[in-house]
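Presented below is the structure to which this report refers.
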Amino acid sequence: SRVASNHEGLTLSRSAEAELKRSSVSNNGDGISLFGSADLTVKNGKVLKNKRNGVKLVHSASATMESAAIVGNSGRGLVLLDSSLARVGKSEIRQNDIGLSYHSGGELELNENTVAENRVDLIGDLNGSVRQGSGAPTEEEIVLPDEEYPDLQAAVDALLPGGTVI
């Protein structure tokens with residue numbers, strides 16, 4: 001199925017539930033918006049080139065995404081707010097303005113994903129190891145320039161909580 005070129009893409013609210021398989025949501029305002037305990041499962045789906053956010057979860061909404069592509073959205077690729085939760089596996093979040101934005105306090109489970117090539121990959125209470133190619137944080141202090149860290153993002157990703165870049 002395809003949801004394309006609408007003011008809003010797919011919106012679920014209250015306790016609504018939906019499952020998308022091999023579907024595309026593209027060129028809408030927000031691609032997918034879930035509110036108030038709504039629940040969505042996406043398998044082998046694409047959320048592409050929406051004018052604002054790719055997937056937005058608000059007020060205890062939940063989503064399970066497997067083998068999904070959240071690519072080229074003008075706002076955030078995936079955003080969680082207000083106790084929302086998401087399980088995302090074997091998916092890619094690329095080329096969005098902001099890749100993954102987490103301000104929820106709810107559960108966020110990420111397995112074997114690629115978060116890369118966004119203007120900003122991560123915002124919120126997220127470990128830098130979520131990004132592709134970044135390892136577990138190991139450093140308390142990094143003095144730049146440093147050949148081991150080619151850019152500021154790489155240095156920040158290597159910091160332990162409370163660490164410093166000079």
Side-chain angles (χ1 to χ4, degrees), residues 9 25-26 28-35 38-166:
V25 179
S26 62
N28 302 291
D30 280 328
I32 297 172
S33 299
L34 306 178
F35 300 94
D39 183 54
L40 176 69
T41 300
V42 175
K43 295 180 181 177
N44 298 306
K46 296 179 182 178
V47 182
L48 309 168
K49 299 180 182 176
N50 293 287
K51 294 175 185 79
R52 290 186 300 273
N53 301 302
V55 179
K56 178 172 67 176
L57 309 175
V58 183
H59 300 302
S60 302
S62 63
T64 300
M65 306 182 81
E66 190 71 28
S67 301
I70 303 172
V71 179
N73 298 287
S74 296
R76 296 167 286 190
L78 174 60
V79 58
L80 283 79
L81 301 166
D82 306 324
S83 300
S84 295
L85 63 95
R87 289 173 210 79
V88 184
K90 298 180 182 172
S91 297
E92 63 176 329
I93 302 173
R94 294 182 182 275
Q95 300 169 358
N96 303 286
D97 186 41
I98 297 168
L100 178 55
S101 180
Y102 177 76
H103 307 281
S104 172
E107 181 182 348
L108 176 60
E109 186 178 307
L110 302 167
N111 295 302
E112 299 180 51
N113 299 295
T114 299
V115 180
E117 302 169 16
N118 301 285
R119 190 173 67 82
V120 175
D121 285 331
L122 306 173
I123 289 183
D125 189 15
L126 295 164
N127 188 311
S129 65
V130 169
R131 292 179 61 248
Q132 177 183 342
S134 62
T138 59
E139 304 296 324
E140 290 186 23
E141 180 178 279
I142 298 172
V143 178
L144 294 179
D146 185 318
E147 290 179 14
E148 190 172 345
Y149 307 104
D151 56 34
L152 180 58
Q153 183 69 62
V156 170
D157 288 348
L159 288 176
L160 292 165
T164 306
V165 175
I166 299 174

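The first residue of the sequence shown is numbered 1, and numbering continues consecutively from there.
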- When L110, L80, L78 are each screened for side-chain contact (heavy atoms from CB on, under 4.5 Å) with Y102, the one that passes is L80

Do [X] and [Y] come close enough that some side-chain heavy atom pair is under 4.5 Å?
X	Y	value
S74	D97	no
N118	R76	no
L159	I142	yes

Please give me the minimum heavy-atom distance between [X] and [Y], naming the atom from each residue.
X	Y	answer
D39	A63	OD1-N, 4.4 Å
I166	T164	CG1-CG2, 3.9 Å
S60	S84	N-OG, 3.6 Å
L160	P137	CD2-O, 3.4 Å
A86	L57	CB-CD1, 3.9 Å
M65	I70	CE-CD1, 3.9 Å

About how many Å separate [atom2] of [Y] and [atom1] of [X], when rounded to the nearest 0.5 Å?
X	Y	atom1	atom2	value
D121	L100	CG	CG	9.0 Å
D82	S104	CG	OG	7.5 Å
N53	I32	CG	CD1	11.5 Å
K56	N73	NZ	CG	12.5 Å
L48	N96	CG	CG	9.5 Å
E139	D146	CD	CG	8.0 Å

Within a reach of under 6.0 Å around [atom1] of [X], are more than 12 heavy atoms found that belong to other residues, nucleotides or ligands?
X	atom1	value
E140	CD	no
K51	NZ	yes
N111	CG	yes

- Message: If we ignore hydrogens and angles and just use 3.5 Å, is the side chain of N113 paired with the main-chain N or O of E92 as donor and acceptor?
- Response: no

- side-chain contact (heavy atoms from CB on, under 4.5 Å) between H103 and I123, worked out: CA-CA 8 Å; H103 307 281; I123 289 183; 3.5 Å; yes

